[in-house]
Q: 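Structure incoming, see below.
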Amino acid sequence: MKFKNILAEKTMFYKKINRFFMFSMYEKYKDQFAKTKNIQIIGTNGKGSTGRFLAMLLQQEGFSVGHYTSPHIFTFNERFWLNGIILDDETLEKAHKKLEQILAHDLQKLSYFEYATFLALVVFEKCDYVIFEAGVGGEYDATSVFDRDFNVFTKIGFDHQEMLGDSLKKIARTKLKAMKSKAIISNEQEIEVLKLAKHIALLKKSTLWISTLCRDKKIEFFAQEYIEKYHLAIFLKNNLLLALESFMLILNKNKNNLIESLSKLPRLDLRGRCEQISHNLFVDVGHNEMAASILVSIFKEKKVHLVYNCFLDKNFRNILRILKPIIEMVEIYNYQCEDRALAGEELIRCLEELDIKYKTFYSIQKENLYLVFGSFVLVEKFLRGYCER
């Protein structure tokens with residue numbers, strides 16, 4: 001069976017995750033997978049861009065680097081980046097055939113994300129470094145079953161409360177308990193998160209660095225210059241600085257090396273990170289409260305038409321409450337989703353309670369400023385329709 005047929009049989013969304021199944025599968029077959037140097041990226045926001053910046057920096061040094069990320073916007077292939085290239089169907093099919101031989105009948109038992117994670121092991125088996133972006137959580141995530149040489153923790157906040165817990169401490173604990181012997185954590189954290197990180201590092205006898213590069217005025221200047229050169233969203237600067245510091249620690253570089261590396265770094269090749277599509281249209285895949293707060297700081301002097309929809313199980317009330325200061329109007333983008341229920345009438349009721357004007361989205365008008373914000377699915381549906389028009 002081809003890899004696309006396998007994917008068609010699996011759903012991307014799960015209300016519950018079997019926390020130990022992936023561990024048992026890996027223990028059963030781990031001797032048949034190649035050993036690589038693995039770096040794991042964990043957090044609530046910024047995992048994708050931090051991982052990609054780090055992958056690009058390592059590739060510049062002459063290493064073969066794989067970056068496994070999720071979810072995707074347009075195609076499954078986007079999850080597999082190898083030395084600057086998104087892998088094609090043929091390469092993924094070859095890897096799938098090899099994985100099929102290794103796992104045999106157990107292949108059918110894997111979830112969508114578990115299958116993709118095992119596929120990454122095969123696809124990147126000849127790499128010097130593989131960067132794995134965690135899916136949900138950390139401690140029991142599918143990417144946590146492999147040996148990891150280094151952990152990078154981006155900012156941790158509220159997301160997936162139904163799986164990770166109803167408090168910041170509970171959410172942070174399950175993410176931070178994935179910590180291995182060497183790790184760095186972004187200093188952009190609540191105090192309780194940093195305290196917990198230090199405590200877990202002490203218990204695990206891990207070497208933990210708290211990022212400080214953002215305070216280096218010289219490096220910060222060159223990072224800002226990079227962001228402006230490629231017209232990237234300002235919040236990506238902190239992710240770039242975290243990636244640079246991780247790069248420095250992994251390869252024992254000094255700060256002067258970082259400026260040289262930054263000067264050669266190509267443009268970030270990830271879509272949907274407050275990406276400007278046209279003069280009056282931005283799209284962002286943030287979909288949680290932390291991302292909403294960042295967007296408020298970016299658009300604080302403006303009013304936007306928010307093109308929005310969300311899944312019923314998301315905390316859209318808090319998200320809309322945060323975004324309200326920059327909202328001129330919400331334009332509800334309706335689309336089909338078989339796996340999860342959209343908010344529907346609950347969203348409309350919430351908008352009315354918050355006294356936010358709304359209507360159904362039909363088209364982009366040149367006199368308005370638009371922000372498309374929500375899940376990867378919403379952004380995909382919108383961009384496909386926009387490109388077709």
Side-chain angles (χ1 to χ4, degrees), residues 36-69 81 83-84 120 124 127-134 138 141 143-144 146-156 172 175-176 178-189 193-194 197-198 200-201 204 206-216 218-220 222-224 226-227 232 235-266 268-270 273:
T36 53
K37 289 184 179 178
N38 298 328
I39 301 162
Q40 187 184 33
I41 314 283
I42 299 173
T44 301
N45 282 40
K47 298 190 296 292
S49 55
T50 302
R52 185 59 54 85
F53 280 134
L54 180 54
M56 291 160 60
L57 288 163
L58 289 168
Q59 186 199 357
Q60 274 190 171
E61 293 294 301
F63 296 108
S64 178
V65 185
H67 182 206
Y68 171 64
T69 187
W81 180 99
N83 297 325
F124 299 138
C127 288
D128 299 306
Y129 289 96
V130 181
I131 298 170
F132 285 98
E133 177 187 330
D141 190 78
T143 62
S144 294
F146 316 134
D147 293 330
R148 284 100 69 210
D149 296 88
F150 199 86
N151 291 105
V152 181
F153 294 100
T154 65
K155 190 170 182 180
I156 295 171
K175 291 179 185 290
L176 292 166
M179 190 186 302
K180 301 302 285 185
S181 60
K182 294 180 181 179
I184 186 171
I185 185 169
S186 167
N187 68 351
E188 286 190 298
Q189 310 284 354
V193 174
L194 289 177
K198 291 175 184 176
I200 289 172
K204 286 176 167 275
S206 302
T207 301
L208 175 68
W209 291 270
I210 297 172
S211 67
T212 59
L213 203 58
C214 54
R215 302 191 192 112
D216 187 300
K218 189 174 182 181
I219 300 292
E220 196 269 344
F222 283 98
Q224 179 66 32
Y226 173 90
I227 295 297
L232 299 175
F235 67 84
L236 290 170
K237 181 174 73 173
N238 290 328
N239 302 342
L240 172 58
L241 289 167
L242 182 59
L244 280 164
E245 195 160 357
S246 304
F247 170 71
M248 182 175 71
L249 292 168
I250 291 165
L251 296 185
N252 294 314
K253 294 280 187 179
N254 61 46
K255 290 183 179 180
N256 290 330
N257 297 138
L258 297 186
I259 294 172
E260 183 182 354
S261 297
L262 251 179
S263 68
K264 298 183 293 183
L265 194 66
L268 179 71
D269 58 350
L270 275 177
R273 275 65 180 180

Q: Heavy atoms, side chains only, cut-off 4.5 Å: are F53 and L58 in contact?
A: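 No. Closest side-chain heavy atoms not under 4.5 Å.
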Q: Can you confirm whether L268 sits close enough to R52 that some side-chain heavy atom of one is under 4.5 Å from a side-chain heavy atom of the other?
A: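 A side-chain contact exists here, since the closest heavy-atom pair is under 4.5 Å.
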Q: Tell me, with the steps shown, if E61 and K253 meet salt bridge (charged side-chain N to carboxylate O under 4.0 Å, His left out).
A: CA-CA 11 Å; E61 293 294 301; K253 294 280 187 179; 2.7 Å; yes
Q: Given F153 and L242, is the side chain to side chain contact (heavy atoms under 4.5 Å, CB included) satisfied, shown in steps?
A: CA-CA 9 Å; F153 294 100; L242 182 59; over 6 Å; no
Q: Thinking salt bridges, do K255 and D216 make one under a 4.0 Å N-O criterion?
A: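 Here K255 pairs with D216 in a salt bridge, since their nearest N and O are under 4.0 Å apart.
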Q: Nearest heavy-atom pair of N187 and L194: which atoms, and what distance?
A: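 Scanning both residues, the minimum pair turns out to be O-CD1, 4.3 Å.
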Q: Check each of L176, I41, I42 against N151 using the side-chain contact (heavy atoms from CB on, under 4.5 Å) test, and report the only one that passes.
A: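 With N151 as partner, side-chain contact (heavy atoms from CB on, under 4.5 Å) holds for just one option, I42.
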Q: Look only at the side chain of R148 and the backbone of A178, and say whether a donor-acceptor pair between them is shorter than 3.5 Å.
A: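 Side chain of R148 to backbone of A178, a donor-acceptor pair under 3.5 Å: yes, one is there.
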Q: So S64 and N83, side chain to side chain donor-acceptor pair (under 3.5 Å) or not? Walk me through it.
A: CA-CA 6 Å; S64 178; N83 297 325; 3.3 Å; yes
Q: Could you check whether Y68 and F124 have their ring centres less than 6.0 Å apart?
A: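 Centroid distance F124-Y68: not below 6.0 Å, so no.
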Q: Are side-chain heavy atoms of I39 and F132 found at a separation under 4.5 Å?
A: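 Not in contact.
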Q: Answer yes or no: does atom NZ of K204 have more than 12 heavy-atom neighbours from other residues, nucleotides or ligands under 6.0 Å?
A: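 Buried by this count: over 12 neighbours within 6.0 Å.
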Q: Once rounded to the nearest 0.5 Å, what's the spacing between atom CZ of F247 and atom CG of N252?
A: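 With rounding to 0.5 Å, CZ (F247) is 11.0 Å from CG (N252).
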Q: Do Q40 and S144 have side-chain N/O donor and acceptor atoms under 3.5 Å apart?
A: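 A pair is found: one side chain offers a donor N or O, the other an acceptor, under 3.5 Å apart.
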Q: Return the CG to CZ distance between L262 and F222, rounded to the nearest 0.5 Å.
A: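 Output value for this atom pair is 8.5 Å.
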Q: Taking side chain as C-beta onward, heavy atoms only, is C214 less than 4.5 Å from E220?
A: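 No - every pair of side-chain heavy atoms lies 4.5 Å or more apart.
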Q: Can you tell me how far apart CD1 (I210) and CD (E245) are? Round to the nearest 0.5 Å.
A: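 So the gap between those two atoms works out to 10.5 Å.
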Q: Is the side chain of K37 donor-acceptor paired with the backbone N or O of Y129 at a distance under 3.5 Å, no angle test?
A: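 Flag not set: sc K37 to bb Y129 has no pair under 3.5 Å.
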Q: Over all heavy atoms of both residues, which pair between G48 and T69 is shortest? Give the atoms and the distance, please.
A: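 Scanning both residues completely, I find the closest heavy atoms to be CA-OG1, 4.1 Å.
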Q: Taking the side chain from T50 and the backbone from K47, do they hold a donor-acceptor pair closer than 3.5 Å?
A: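 Absent.
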Q: Rounded at 0.5 Å granularity, tell me how far CD1 in I131 sits from OG in S246.
A: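 One gets 9.0 Å once the value is rounded to the nearest 0.5 Å.
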Q: Can you name the closest pair of heavy atoms from A134 and D141 and give their distance?
A: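 Looking at all heavy atoms of both residues, the closest pair is CA-OD2, 3.5 Å.
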Q: Let me see the working for Q224 and K237 under side chain to side chain donor-acceptor pair (under 3.5 Å), right down to the final yes or no.
A: CA-CA 7 Å; Q224 179 66 32; K237 181 174 73 173; 3.0 Å; yes
Q: Tell me, do N238 and E188 make a side-chain contact under 4.5 Å, heavy atoms counted?
A: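 In contact.
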Q: Provide the closest heavy-atom pair for Q189 versus I156 in the form atom of the first, atom of the second, distance.
A: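 For Q189 versus I156, the nearest heavy atoms are OE1-N, 3.0 Å.
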Q: So, using salt bridge (charged side-chain N to carboxylate O under 4.0 Å, His left out) as the criterion, who are the partners of D149 when residues are at least two apart?
A: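 So D149 forms no salt bridge (charged side-chain N to carboxylate O under 4.0 Å, His left out) with any residue.
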Q: Would you compute the distance between atom CG of L208 and atom OG of S206 and round it to the nearest 0.5 angstrom?
A: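 If I round to the nearest 0.5 Å, the distance is 7.5 Å.
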Q: Taking the side chain as everything from C-beta on, heavy atoms only, tell me whether L258 gets closer than 4.5 Å to L57.
A: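 Side-chain contact under 4.5 Å: no.
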Q: Verify, without hydrogens or angle tests, whether T154 (side chain) and N45 (backbone) share a donor-acceptor contact under 3.5 angstrom.
A: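 Judged by distance alone, yes, a pair lies under 3.5 Å.
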Q: State the CG-CD distance between D128 and Q59, to the nearest 0.5 angstrom.
A: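 Nearest 0.5 Å value for the CG-CD distance: 11.0 Å.
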Q: On a heavy-atom basis, which atom in V130 and which in C127 lie closest, and how many Å separate them?
A: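 Smallest interatomic distance, heavy atoms only, reads CG2-CB, 3.9 Å.
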Q: Minimum heavy-atom separation for F150 and I184, please, with both atom names.
A: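 Scanning both residues completely, I find the closest heavy atoms to be CE2-CG2, 3.7 Å.
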Q: So do D147 and K180 actually touch side chain to side chain, heavy atoms under 4.5 Å?
A: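 In short, these two side chains do not touch, never coming nearer than 4.5 Å.
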Q: Q60 versus L265: any side-chain heavy-atom pair under 4.5 Å?
A: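 Yes, their side chains come closer than 4.5 Å.
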